[in-house]
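So the structure is just underneath, and the comments pick up after that.
Counting convention: from 1, in listed order, for ligands and their atoms alike. When a residue number appears, it is its place in the shown sequence, counting from 1. A quick note: this is a predicted structure, and the numbers were derived from the prediction, not measured.
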Amino acid sequence: MEKIRMKTPLVEMDGDEMARIIWKEVRERLVEPFVDLKTDYYDLGLLNRNATEDKVTVAAAQAAKKYGVAVKCATITPNRKRMEEYPELTKMWPSPNGTIRSIIGGTIFRTPILTGSVLPAVRSWKKPITIARHAYGDVYKAVDLHTDEPGECTLTFKGRSGKEIGLSVREVTGPAVWQAQHNLDGSISDFAAACFRYAADMKQDLWFSAKDTIAKVYDGRFRDIFEEEYEKYHSDFERLGIKYFYTLIDDAVSRVMRSEGGFIWACKNYDGDVMSDMVSSAFGSLAMMSSVLVSPDGCYEYEAAHGTVTRHYYRWLKGEKTSTNPVATIFAWSGALMKRGEKDGLPQLTDFGERLEEACRETLAAGIMTKDLALLSEGEVGCVFTDDFISAVAERLED
Ligand code: NAP
Ligand code: MG
């Protein structure tokens, strides 16, 4: 069989532990036999990040910006425990995802991968719900203060022009806690643009929720910026027959619970943090979530939403076979290949990505699955090891 040719390389970011083991298997057994794979490879494994003083992460992000499509394996973000585990580390290197996001910017879209046998905990959900989380500011960049005497707290903005705006937060008669948050118009409009563009790509409705009845200025600004941005996409949305609407976060929550799914839900930073965990748990498992970072200038980075699956890795090191779910990793590759095919005008490549996903779905539908899914499944299922699952997908793909 002739392999599918590529034009532009895919930026490939390798990672750590069990995710790295699965990565190699997926690449070698599900992609390379069918695609004449061209990648610009970066080893973001912890030891190589250490050896290169993390320059490799920056280089990988710049390559993603240059070529426009990347696929990333899960990586270890070192903490104190990891510093003990890897004594050769010269520094507690920052989160690669954080570094990459700060270079290419953008919004993360997380979508559950549905299978017929794992029923969502919410009975009405039939189609995936994608959460788009704004990943800048609000409570994540807030400043906090605790005070222990009567007094007044004020908030002051000093403009470069010399203009000053002051506000009394409140006078208190006893101990109190305080917090000041901010966001940037530029970051909000990039977020809004990414959401509108992604909704048009996916041909799905876009919901945006906030609390502008209470935070009239703050959340009101988000709402207004979304409205302004929508003007640019209005005609695209009409042509595609999709809708944009804004609603209060509490109304959105109750509507989501009664919906069939099949839409994109744009959330402010905190709401997105909380709601994406709720939505992914209710749909099944983190090992069944795909995730893509989309930058304002149209750069895409695909990954699995889960981590490096450390516990399984230590069993693997002892020579045990593990039943680690490779589905989210497979979908990271398929997503990236499809996007590369679309950008380069290579329909065979896009087609291959679709077939790879289809082969995965067929395998699951045949009741062949890893342990995490077998535990959640209804009906007859066979729990298999990772390599058997990949073999079953490969067989269907060859067909
Ligand atoms: P994790 O690797 O996602 O694993 C947590 C647990 O979830 C696993 O122990 C496993 O449960 C289950 N699980 C996750 N993925 C699975 C899969 N594909 N198949 C089967 N079960 C799966 O999260 P973590 O333990 O919090 O983090 C481990 C490391 O990953 C950390 O060093 C962290 O820095 C890193 N991390 C990286 C990323 C990223 O690069 N995007 C994201 C998150 C975390 P059982 O053990 O019960 O089977
Ligand atoms: Mg969270």
Practice problem: Please determine which of E303, R49, E17 meets the side chain to side chain contact (heavy atoms under 4.5 Å, CB included) test together with T75. | Solution: R49

Practice problem: Check whether the ring centres of Y244 and F237 lie less than 6.0 Å apart, and answer yes or no. | Solution: no

Self-check item: W93 and its side chain to side chain donor-acceptor pair (under 3.5 Å) partner, picked from D54, N50, T77
Solution: N50

Quiz item: What residue pairs, at least two apart or across chains, pass salt bridge (charged side-chain N to carboxylate O under 4.0 Å, His left out) with a residue in residues 111-131?
Solution: K127-E260

Under 3.5 Å, which donor-acceptor pairs link side chains of residues 389-396 to any protein atom two or more places apart or in another chain?
| from | atom 1 | to | atom 2 | distance (Å) |
| --- | --- | --- | --- | --- |
| S391 | OG | R29 | NH2 | 2.5 |
| S391 | OG | D387 | O | 2.8 |
| R396 | NH1 | A392 | O | 3.0 |

Quiz item: Around ligand 1, what residues show up once you keep those with a heavy atom under 4.0 Å from it?
Solution: K72, A74, T75, I76, T77, R82, N97, A287, E303, H306, G307, T308, V309, T310, R311, H312, T324, N325, D372

Ignoring hydrogens and angles, write down the donor-acceptor pairs under 3.5 Å from the side chains of residues 314-323, residues two or more places apart or on other chains.
| from | atom 1 | to | atom 2 | distance (Å) |
| --- | --- | --- | --- | --- |
| Y314 | OH | E85 | OE2 | 2.1 |
| T322 | OG1 | T324 | OG1 | 2.8 |
| S323 | OG | K371 | N | 2.8 |
| S323 | OG | V384 | O | 2.6 |

